[in-house]
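Residue numbers run from 1 in the order of the sequence given.
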Amino acid sequence: MFARIVASLVAVIAAVSAAGCASNPTSINAQWVSPSAANAAEVQKVLVIAALRDSTQRRLLEDRMVEALGAAGVMAAQSHQFLGDAAELSEDQLRKLVADAGASHVLISSISGMTTDVRVTPGMVTGPGWGPGWSRTSPMGPGWRGMSSYYNSAWARSTPPEVRTTQNLHGDTRLFDVASSEVVWSTATTTVISRGNATTQIDGFVRLIVDTLKQDSLI
């Protein structure tokens with residue numbers, strides 16, 4: 001009985017913790033705003049580029065970002081409307097892409113690395129209960145229980161270790177001023193890719209990027 005109660009409490013605590021962390025699989029590690037951002041050109045239209053090898057995820061990220069920027073009152077365009085799945089671009093090619101989109105700024109998101117976190121919760125083994133156990137003729141009284149109590153307490157004496165593996169995708173996003181070719185804003189992010197599907201992860205990433213751009217008064 002005791003073991004079942006402990007297991008239930010652990011499950012409830014884990015569920016509450018997971019619910020609190022699952023609101024957004026992406027978090028910001030660091031962000032930077034250029035000191036010259038206040039004097040930089042106003043963001044009029046953003047060309048969104050997702051530098052991802054997976055063409056489906058690239059298009060999904062660009063579409064979601066353009067939609068979120070539009071909801072924030074910023075004109076934006078996806079790079080896949082003007083560009084194929086080229087792995088590399090020269091400066092001239094990128095300049096033509098920007099000109100075709102009529103963009104004043106370029107927002108580029110890329111993957112900077114991947115890590116794996118392994119967390120081990122040690123198990124626990126305690127000694128058996130003391131005493132011979134209760135019987136109808138025991139002078140020790142009903143406090144000394146019998147076989148079922150001994151069996152149930154055995155579950156509480158041994159708790160197996162728990163191993164949790166989490167994969168993290170690290171991203172780098174930068175906002176360029178087209179006129180000066182300078183970075184005016186950048187942020188480093190971490191996305192827990194084992195939490196939810198790709199669409200959920202992209203939506204969380206986009207929401208965080210746009211909200212942070214608002215907070216930093218870039219848009």
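- Applying the 4.5 Å side-chain rule to ILVMFWY residues, one finds V118, V120 in the same cluster as V163.
- Side-chain contact between V98 and V106: present, with at least one pair of heavy atoms (C-beta onward) separated by less than 4.5 Å.
- There is no side-chain donor-acceptor pair under 3.5 Å between D203 and T200.
- Side chains of S112 and D172: no donor on one and acceptor on the other come within 3.5 Å.
- Side chain to side chain, T121 and R164 fail the donor-acceptor criterion of an N or O pair below 3.5 Å.
- Contact check for L47 versus Q78: no side-chain heavy atoms found under the 4.5 Å cut-off.
- Exactly one residue among T212, D216, T187 makes a side-chain hydrogen bond (donor to acceptor under 3.5 Å, both in side chains) with Q31. That residue is D216.
- Within the 4.5 Å cutoff, the side chain of R64 has heavy atoms near those of the L60 side chain.
- Q57 places no side-chain N or O within donor-acceptor distance of the main-chain N or O of D54, the cut-off being under 3.5 Å.
- Between E182 and S36 there is a side-chain heavy-atom pair separated by less than 4.5 Å.
- At distances below 3.5 Å, not a single donor-acceptor pair connects side-chain atoms of K45 with backbone N or O atoms of V74.
- Side-chain contact of Q201 with T26: a donor-acceptor pair under 3.5 Å is absent, judged by distance alone.
- Counted by atom type alone, H170 and T115 present one or more donor-acceptor pairs between their side chains at under 3.5 Å.
- Contact between N24 and F205 at its shortest, heavy atoms only, is OD1-N, 4.2 Å.
- In this structure, F82 and K96 have side chains that are not in contact, with every pair of non-hydrogen atoms separated by 4.5 Å or more.
- Of the residues T190, T191, T189, D117, the one that meets the side-chain hydrogen bond (donor to acceptor under 3.5 Å, both in side chains) test with N168 is D117.
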